[in-house]
K.L.:
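Just dropping this structure here.
Order of listing sets the numbers, starting from 1, for every ligand and every atom in it. Quick note: numbers below take in every heavy atom, side chains included, and nothing from hydrogens, waters or symmetry partners.
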Amino acid sequence: MNSLQYQRHGDKVNSPWFEEFLPKLLEDRDRIGLTDMVHEIDAMMITVEPGCSVAYISELALMTPYHYLVTLESESHWTHILRIDMNSPDIMVREVRNPNTHGIFRSLNEVYPIGAHKPNSRYMGEIFRVTNQHEVVELQKAREIRFFNQDQIRKLELPGNMSIVKPSPYTHNIVGYWERPVEDIRIYALGVSVIHEDVNRGYLEAKETQAKLGLDKLILPIDHLATRIYSQNREVAILEYLTLSSYYYWGSYDIASQNSSTNVTKSAHYSNEQKSPAKVFTAANHPYFVNHLVGLPSPTENFVRNYGPRLHHIALGVADGETNGQINIDYVVDAIRERGKDFLLDVIGSREEGLKQIFSSASEHSSLIIEYVQRFGDFDGFFTKQNVAELTEAAGVEENLRLLQAESSS
Ligand SMILES: [Fe+2]
């Protein structure tokens, strides 16, 4: 493996410190075999408020290709497993059974004004498939990565066959590792497997609607995961993720008008994002306390101050082509809008620019936004600066409304 072979994209200039340690970290990771042993994102974990799983899984069943597979019942959680197939990562939707349950993941929400209103709602992180779990964990511990111990994993009611890194100080997300021969199915060592009838009913209804509208053939697996972080943590969050994963640094774009940058990392093993989604970090160019001097909007830093550093959106691909005379993404958005889901703006971009994109409103169950992205023909860019600027701005407007709501009800 050579994690340094990739062409750099983007126009955002990094510090000399970043440019010094980027090649050092990747060379070391390749040399000791970590890049080789850490493969794709195999599962993602999301927690929701008690009682929200039925509605959230129905929402995902309509808006994404995910299927409800099974629920793992443990003492204080239900963990619902959603799957497309073995070529794309699973989603674990974790629901606290008792609203008074307190724990580390809840604490990460509680000091932020909007985050605190839904203390159990957050994206937790990704689990990587590795070829030698013991060796990966030992190598990472030697690089000062901290893990939950077995007793903590048991108390947190996370699958016992995963090794899980403590939340990042920069993103507040976790990363986990588990070993699975590539031909084996994913098996979660947790609780008792049951089918929840109410979850299943909502899932089946949503899937029926999805198929009737023809959306099942148009909405593709996850393309990227976008995390928002504080301005000063941009470079360390990128390098930390490269330390934890086998991803490489694709590049960074300056979104100057929104006082923001978009920073992209991708899998060194799989060029197809559907197999292992790209990981994107968005950070303001300036910290909030100089906004009055800079005079620009600052939607990214505002988001982080309101919710804490966390995942902002999950982006799904839309198949290239047209349906009933409409470009697919326009067709998909119209169909989903008619089912009562809101979007933050109209579909932006064009065939000429290479891609079209849109953000949904944040889910009331998980606080996560769904992005749809359709790339045309052989467009090989990941995004356009103009689109990112418009999406960032739209999310910021929504954001301010939510802050007002949150403050008026507290
Ligand atoms: Fe995105």
K.L.:
Show which side-chain atoms of residues 323-330 pair as donor or acceptor with protein atoms under 3.5 Å away, not counting sequence neighbours.
P.N.:
unit_1 : atom_1 : unit_2 : atom_2 : d
T323   : OG1    : N328   : OD1    : 2.6
Q326   : NE2    : D334   : OD2    : 2.8
N328   : OD1    : T323   : N      : 3.2
N328   : ND2    : A319   : O      : 2.8
N328   : ND2    : G321   : O      : 3.3
D330   : OD2    : K356   : NZ     : 3.0

K.L.:
Compute the ring centroids of H224 and F382, then answer whether they are less than 6.0 Å apart.
P.N.:
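Yes, close enough.
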
K.L.:
Donor-acceptor pairs under 3.5 angstrom involving side-chain atoms of residues 14-25: please list them, not counting sequence neighbours.
P.N.:
unit_1 : atom_1 : unit_2 : atom_2 : d
N14    : OD1    : R234   : NH1    : 3.2
N14    : OD1    : R234   : NH2    : 2.5
N14    : ND2    : E19    : OE2    : 3.1
N14    : ND2    : Y249   : OH     : 3.2
S15    : OG     : W17    : N      : 3.4
S15    : OG     : F18    : N      : 3.1
S15    : OG     : E235   : OE1    : 2.7
S15    : OG     : E235   : OE2    : 3.4
E19    : OE1    : R8     : NH2    : 2.9
E19    : OE2    : R8     : NH1    : 3.1
E20    : OE2    : K24    : NZ     : 2.7

K.L.:
Tell me, please, whether Y288 has R305 positioned over its six-membered ring: NZ or CZ under 6.0 Å from the ring centre and within 45 degrees of its axis?
P.N.:
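Ring-cation test returns yes.
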
K.L.:
Mind checking what makes ring pair (Phe, Tyr, Trp, His ring centres under 6.0 Å) contact with Y177, not counting sequence neighbours?
P.N.:
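Residues passing ring pair (Phe, Tyr, Trp, His ring centres under 6.0 Å) with Y177: none at all.
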
K.L.:
Just the protein N/O/S atoms under 2.8 Å from the Fe ion (ligand 1), please, no waters.
P.N.:
H224 NE2, H313 NE2, E371 OE1

K.L.:
Check whether S360 reaches the backbone of I370 with its side chain - one donor and one acceptor, N or O, closer than 3.5 Å.
P.N.:
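Looks like yes, one N/O pair under 3.5 Å.
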
